[in-house]
Amino acid sequence: MASRMASRTSCFTIGDLMLLDPPTLLVTMILAILATSSSYLVIWLQDRRQHALLWMMAATLLATAAFATRVILPNGPAIIITNPVMLVAAGCLWMSCRALTAKRILPWALVIPGLIWVGLCCLPAFMAQSGVRVAVANLMIAPAYGLAARELWRLKGEAKVARWWLIGILGLQCLISLGFGLFRAVDPGPNQENYISFTTFPLMALSAQGFVLMLSFGMIALVKERAAYRDRQAASSDALTGLANRRRLDEALELAFRDARQGGKPLALIMVDADAFKAYNDLYGHLQGDACLRAIAGALRSGVVRKQDLVARYGGEEFAVLLPETDMN
């Protein structure tokens, strides 16, 4: 009995995958992606600074709408409508990654690719060749994935696990779209106008669903990791000067002292006190006093060049500079 079940399992091939019911696959994909979009919304409601999640939700919903429209509408209108919507969805994905890096949104990046596609659809020769259209669509959408990965590449120093996960997914999708587009440009193949009748439709539906789900897991994890990183930074930094606070200094001093004692290395600690600061603050007011403290902090920060050194606000007008592996000379 067990051997017969194992034999049946081993006989499941890609060909069997192609026999899966397309409408069922489409409904399953839509439900899964709607659930993913709702998770974006729930997390955004918890922290409304995360505008990247709204862009991701827009990208997911638009891509799903484009996929469903391509199946439901007649071939002619579907060709004209679906790909511009998919290109806008890819642009929203790029804008989501730009929002993570606090860069401004580029409305033209959402509009121009779709307008180019509509213009190409005005050419009878373009509409007559499904292989050419597939090639152009893939070559147009690939840069959006590459640009999104490039934005995440710039988030160095934080959320490494989720960031590399997303870079890998987006980079792979960019290469797949680019490679498939170039392949179809060289070999357009026979015309296939009924999208749902494509022999590869089940594979396309499952791969699209997998891409969206993996992307959503990575994006949610990235947002959570970055929020935790910001909280840690806020808990260990001084709000006025941007330097490390007393808590961070105490932790760093304990570690530095332990390392210096175990390794027999020198350790230096410089204490800086702004003379007559109270008189200055009383004379010119608290705003000027704060500006004075920020100026001192900037001067101390600019004088420290090593990564292991730490400049901190000790309290009030007092500052500290921790210099591991530094002696009197």
Side-chain angles (χ1 to χ4, degrees), residues 47 49-50 52 97-103 149-168 221-329:
D47 184 359
R49 297 170 300 174
Q50 306 295 345
C97 295
R98 286 184 66 87
L100 284 172
T101 57
K103 291 185 178 178
R150 180 171 175 264
E151 299 294 345
L152 295 176
W153 179 272
R154 296 177 176 178
L155 284 175
K156 295 182 178 180
E158 55 178 288
K160 293 182 180 180
V161 176
R163 183 167 62 88
W164 280 109
W165 170 265
L166 287 171
I167 290 173
L222 178 61
V223 168
K224 290 292 187 181
E225 284 186 40
R226 295 193 73 216
Y229 175 82
R230 285 198 303 268
D231 291 341
R232 290 194 300 270
Q233 290 294 101
S236 61
S237 61
D238 177 63
L240 176 64
T241 62
L243 299 177
N245 60 12
R246 175 72 175 271
R247 175 183 176 182
R248 176 74 182 93
L249 175 64
D250 290 342
E251 293 173 351
L253 182 58
E254 181 179 354
L255 292 174
F257 185 78
R258 184 191 64 191
D259 293 341
R261 184 173 58 182
Q262 292 177 352
K265 299 176 182 179
L267 174 65
L269 178 65
I270 303 174
M271 299 299 297
V272 179
D273 187 9
D275 292 338
F277 177 76
K278 185 179 184 305
Y280 179 90
N281 200 45
D282 292 340
L283 179 61
Y284 295 104
H286 292 291
L287 292 179
Q288 287 299 318
D290 291 346
C292 177
L293 292 176
R294 284 193 291 266
I296 296 173
L300 292 174
R301 188 188 293 112
S302 63
V304 174
V305 295
R306 299 187 308 174
K307 186 177 181 179
Q308 66 267 33
D309 298 337
L310 179 70
V311 182
R313 186 182 180 190
Y314 191 76
E317 68 275 16
E318 298 175 318
F319 299 85
V321 183
L322 182 62
L323 304 170
E325 301 183 24
T326 303
D327 54 24
M328 293 293 294
N329 299 320

For the pair Q288 and L283, evaluate side-chain contact (heavy atoms from CB on, under 4.5 Å) and give the outcome as yes or no after the intermediate values. CA-CA 9 Å; Q288 287 299 318; L283 179 61; over 6 Å; no
Between R246 and D250, is the closest basic N to carboxylate O distance under 4.0 Å? yes
Pairwise distance [atom1]([X]) to [atom2]([Y]) - rounded to 0.5 angstrom:
| X | Y | atom1 | atom2 | value |
| --- | --- | --- | --- | --- |
| L323 | Q308 | CG | CD | 9.0 Å |
| R301 | T241 | CZ | OG1 | 6.5 Å |
| Q50 | R226 | CD | CZ | 7.5 Å |
| L166 | E151 | CG | CD | 13.0 Å |
| D238 | R294 | CG | CZ | 10.5 Å |

Please give me the minimum heavy-atom distance between [X] and [Y], naming the atom from each residue.
| X | Y | value |
| --- | --- | --- |
| R306 | E325 | NH1-O, 3.9 Å |
| A252 | L310 | CB-CD2, 3.5 Å |
| A320 | L249 | CB-CD2, 3.7 Å |

Residues two or more places apart in sequence or in another chain: which of them pass salt bridge (charged side-chain N to carboxylate O under 4.0 Å, His left out) with D282? K278
Using modelled atom types and a 3.5 Å cut-off, is there a donor and acceptor pairing between side-chain atoms of T326 and backbone atoms of P324? yes
CA sep, side-chain torsions, deciding dist, call: E251, R247, salt bridge (Lys or Arg N to Asp or Glu O under 4.0 Å): CA-CA 6 Å; E251 293 173 351; R247 175 183 176 182; 3.7 Å; yes
Hey, are the side chains of L267 and L322 touching, using non-hydrogen atoms and a 4.5 Å cut-off? yes
Might you work through the side-chain contact (heavy atoms from CB on, under 4.5 Å) test for I270 and L300, ending with a clear yes or no? CA-CA 11 Å; I270 303 174; L300 292 174; over 6 Å; no
Here's a test for you: under side chain to side chain contact (heavy atoms under 4.5 Å, CB included), which of L293, N245, I296 qualifies with R313? L293
Answer yes or no: are there more than 12 heavy-atom neighbours, outside D273 itself, under 6.0 Å from its atom CG? yes
Which class fits the ring pair Y284 and Y280: parallel under 30°, tilted 30 to 60°, perpendicular over 60°? tilted
Stepwise side-chain contact (heavy atoms from CB on, under 4.5 Å) test for L155 and T101: CA-CA 7 Å; L155 284 175; T101 57; 3.8 Å; yes
